[in-house]
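Notes to accompany the following structure.
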Amino acid sequence: MLREKRKLLPFIRRVAVITLAAAAASCAVNPVTGKKELSLIPASQEKVLGEQTDAEIRSQYGLVEEPKIKNYVEGVGKAIVPYTHRPELDYKFAVLDTPVINAFAVPGGYVYVTRGILALLSSEAELATVIGHELGHISARHSLRRLSQMILVQTGLALIVSLDKRLAEIAGLASIGMQLLFLKYSRDDEYQADSLGVEYARRAGWAPNSMVDFFTSLEKLGDLSGGRPLPGFLSTHPLTKDRIAKVKAMLIDADSQLKVNRPSYLETIDGLVFGDDPRQGFVEKGKFYHPQLRFVFSFPEGWQLQNTASQVRLSSKDGQGALILMVEKSAADLKEYASKKIAEVKGATLLEEETLANMIFPSYHARYLVEQEEGEPLFLRLGVLRKDEFIFSFFGLATFRNYSPYDASFQASIQSFAELKDPAYLNRQPFRLRLVRASGNETLTRIFERTKIPKDLQPKLAIMNGFELDDTPPPGYLVKTVSVQ
């Protein structure tokens, strides 16, 4: 994967040395405003950047492939495209398999919503305004302008520094496109994307006042990303009272006559996985369990764990040690596989090959010194294990001068890797959204109690339904609840 990422590096290096005088002449006409603006990314590179980033996003976070969800989101998106300022792009719409509440736009016409945001939304019109907003970012070339500005001033796009920069490279988060997901839009960009989202939704026939409903829910929930490997909506799309007021000012009386389609939307997301999916991995009492791939391993107390579709990442409290577990289907010889993996780590020199005791599965282990252009050298432990048709790769990273205690932790985690056999862990099921039709005689709290909603989830679900807990939904109102069945 890293070899593919490097295809864009020559382009980025060339752009990075452009002088201010040359850059001043590097302008493009903004399709929305009709004005010239800085652009160091030609149309051909926008397409390459989008394609590459799309492949990385799908690999990192995984997609919801359920046809009714996938086709519904794609249908709403494609219905809006003709009303945008760049309808000629080959737009792609996808649902990321993560509980984080967010939506993203990637240069080249790629739009993503998370299953977390789908659970929060309550109507097709809300979805239309969210997608319209993201299409606004693409039409106004916001990501490309930010990228051009960063390249021009040579601030770089590093998410993190020192040891974590290497961690990002190994984890597949170091590419230009992936890092755009973690950068905040400016206030002006958000105002413009809101305005375009309202315009696009309205022209496509959806009630744009639904954007206010979405913002109101977000404001009550706050940023729930909480250390997850993907940021939340409020991290990347800052929300202010002024922003909500501006959206309200854009609305007109005729908007109330446009379609909302609440029941059809809710019926589409009925059964959607809600929150973390334990089948894709969960933590309990210092161990990480993965029912789908049937493995378990221990990790040090106090270390932070992040789990995505492609890897598990662990970091120590002090930020001086990190461990990544990656998995890939492969029948390759373990030593040859390890050699190919380490070849993708720039500056890595073999220190010694090792044999670790008490390994359950066939494995290969080696330690490396990793020289850096800036900063002190790093220590890297690589352990690759074969289980069934998969090869699991552990990468342990620490500063070289004090790697010993971290390496002991790396070894302990690798040696603890085992087959998961206990049905109590193998059969864990996720919560799923379920609809309950209100009788008009029960408060929301009573409905939640009757449907056995855990108390800690009730406040969040109340916001997702647009009510207070002591409110009584009207007769026939479809209430979002959750169930493990």
**Study point:** Flag, side chain of D276 to backbone of P278, donor-acceptor distance under 3.5 Å
**Key:** no

Review point. Between the side chains of S139 and Y200, is a donor N or O closer than 3.5 angstrom to an acceptor N or O?
Key: yes

Practice item. Measure the spacing between OG1 of T129 and CG of L121 and express it to the nearest 0.5 Å. Key: 7.5 Å

Check your understanding: Taking the inter-plane angle between the rings of F410 and W303 on a 0 to 90° scale, is it parallel (under 30°), tilted (30 to 60°) or perpendicular (over 60°)?
Key -> perpendicular

Review point. How long is the gap from NZ on K460 to CG on L120, to the nearest 0.5 Å?
Key: 8.0 Å

Exercise for review: Say whether, by atom type as modelled, one donor and one acceptor occur between the side chain of K387 and the main chain of L293 under 3.5 angstrom.
Suggested key: yes

Check your understanding: Got a sec: does the NZ of K259 have more than 12 other heavy atoms crowding it under 6.0 Å?
Key -> yes

**Study point:** Check against salt bridge (Lys or Arg N to Asp or Glu O under 4.0 Å), K92 and E74
**Key:** CA-CA 8 Å; K92 306 290 184 185; E74 187 176 79; over 6 Å; no

Exercise for review: Please determine, by modelled atom types, if Y72 and E124 share a side-chain donor-acceptor pair under 3.5 angstrom.
Suggested key: yes

Review point. Among side-chain atoms of E134 and Y112, is any donor-acceptor pair under 3.5 angstrom?
Key: no

Check your understanding: Do we see a donor-acceptor contact under 3.5 Å between the side chains of D318 and S316?
Key -> yes

Review point. Can you tell me how far CE of M250 sits from CE of M211, rounded to the nearest 0.5 angstrom?
Key: 7.5 Å

Exercise for review: Please examine the side chains of R187 and R243, heavy atoms only from C-beta on, and report whether any two atoms are closer than 4.5 Å.
Suggested key: no

Check your understanding: Between I170 and L397, is any pair of side-chain heavy atoms under 4.5 Å apart?
Key -> yes

Exercise for review: Indicate yes or no for a side-chain donor-acceptor contact from S59 to the backbone of E56 under 3.5 Å, with no hydrogens or angles considered.
Suggested key: no

Exercise for review: Indicate yes or no: does K335 engage D333 in a salt bridge with an N to O separation below 4.0 Å.
Suggested key: no

Practice item. Would you check if the side chain of T308 reaches a backbone N or O of Q60 as a donor-acceptor pair within less than 3.5 Å? Key: yes

Check your understanding: Okay, side chain of R313, backbone of L323: is any donor-acceptor separation there less than 3.5 Å?
Key -> no

Review point. Is the backbone of G275 close enough, under 3.5 Å, to the side chain of R115 for a donor and an acceptor to pair up by distance?
Key: yes

**Study point:** Beyond-backbone contact of E371 with L378, side-chain heavy atoms, under 4.5 angstrom
**Key:** no

Exercise for review: Validate the cation-pi geometry between K246 and Y191: distance from NZ or CZ to the six-membered ring centre under 6.0 Å, angle to the ring axis within 45°.
Suggested key: yes

Check your understanding: Have T216 and D213 got a donor and an acceptor in their side chains that come within less than 3.5 Å?
Key -> no

Exercise for review: Hey, can you tell me if F295 and H290 have their rings parallel, tilted or perpendicular (30° and 60° cut-offs)?
Suggested key: parallel

Point to revise | Close side-chain approach of I324 to V312, heavy-atom, < 4.5 Å | key: no

Check your understanding: Any donor and acceptor pair, going by atom type alone, linking the side chain of R58 with main-chain N or O of L63 inside 3.5 Å?
Key -> no

Review point. Could you walk me through whether D270 and K480 pass the salt bridge (Lys or Arg N to Asp or Glu O under 4.0 Å) check?
Key: CA-CA 8 Å; D270 187 25; K480 298 179 199 170; over 6 Å; no

**Study point:** Sidechain-backbone polar pair: Q292 side chain, Q280 backbone, donor-acceptor under 3.5 Å
**Key:** no

Check your understanding: Under 6.0 Å between the ring centres of Y406 and Y403?
Key -> no

**Study point:** Flag, side chain of T98 to backbone of V100, donor-acceptor distance under 3.5 Å
**Key:** yes

Point to revise | Any side-chain donor near an acceptor of the partner, E190 and H137, under 3.5 Å | key: yes

Practice item. Please answer whether the main-chain N or O of A398 pairs with a side-chain N or O of R381 as donor and acceptor at a distance below 3.5 Å. Key: no

Review point. Does any non-hydrogen side-chain atom of F214 lie less than 4.5 Å from one of I117?
Key: yes

Practice item. Give, for atom NZ of K68 and atom CG of L272, the distance between the pair rounded to the nearest 0.5 Å. Key: 8.5 Å

Exercise for review: Quick one: do R262 and E267 satisfy salt bridge (Lys or Arg N to Asp or Glu O under 4.0 Å)? Show the steps, please.
Suggested key: CA-CA 9 Å; R262 184 178 189 272; E267 287 164 5; over 6 Å; no

Practice item. May I ask you to test the L49-V106 pair for a side-chain heavy-atom distance under 4.5 Å? Key: no

Review point. Aromatic rings F394 and F417: how do their planes relate, parallel, tilted or perpendicular, breaks at 30° and 60°?
Key: perpendicular

Check your understanding: Would you say E328 and I391 make side-chain contact, with heavy atoms under 4.5 Å?
Key -> no

**Study point:** Candidate pair R367 and E353, rule salt bridge (Lys or Arg N to Asp or Glu O under 4.0 Å), full reasoning
**Key:** CA-CA 6 Å; R367 307 194 302 166; E353 297 177 329; over 6 Å; no

Exercise for review: Return yes if a side-chain donor-acceptor contact under 3.5 Å exists between Y83 and E199, otherwise no.
Suggested key: no

**Study point:** K47 and E51 ion-paired at < 4.0 Å
**Key:** yes

Exercise for review: Compare every heavy atom of G62 with every heavy atom of A309, then report the nearest pair and how far apart it is.
Suggested key: CB-N, 3.6 Å

Practice item. Give, for atom OG of S315 and atom CD of Q304, the distance between the pair rounded to the nearest 0.5 Å. Key: 4.5 Å

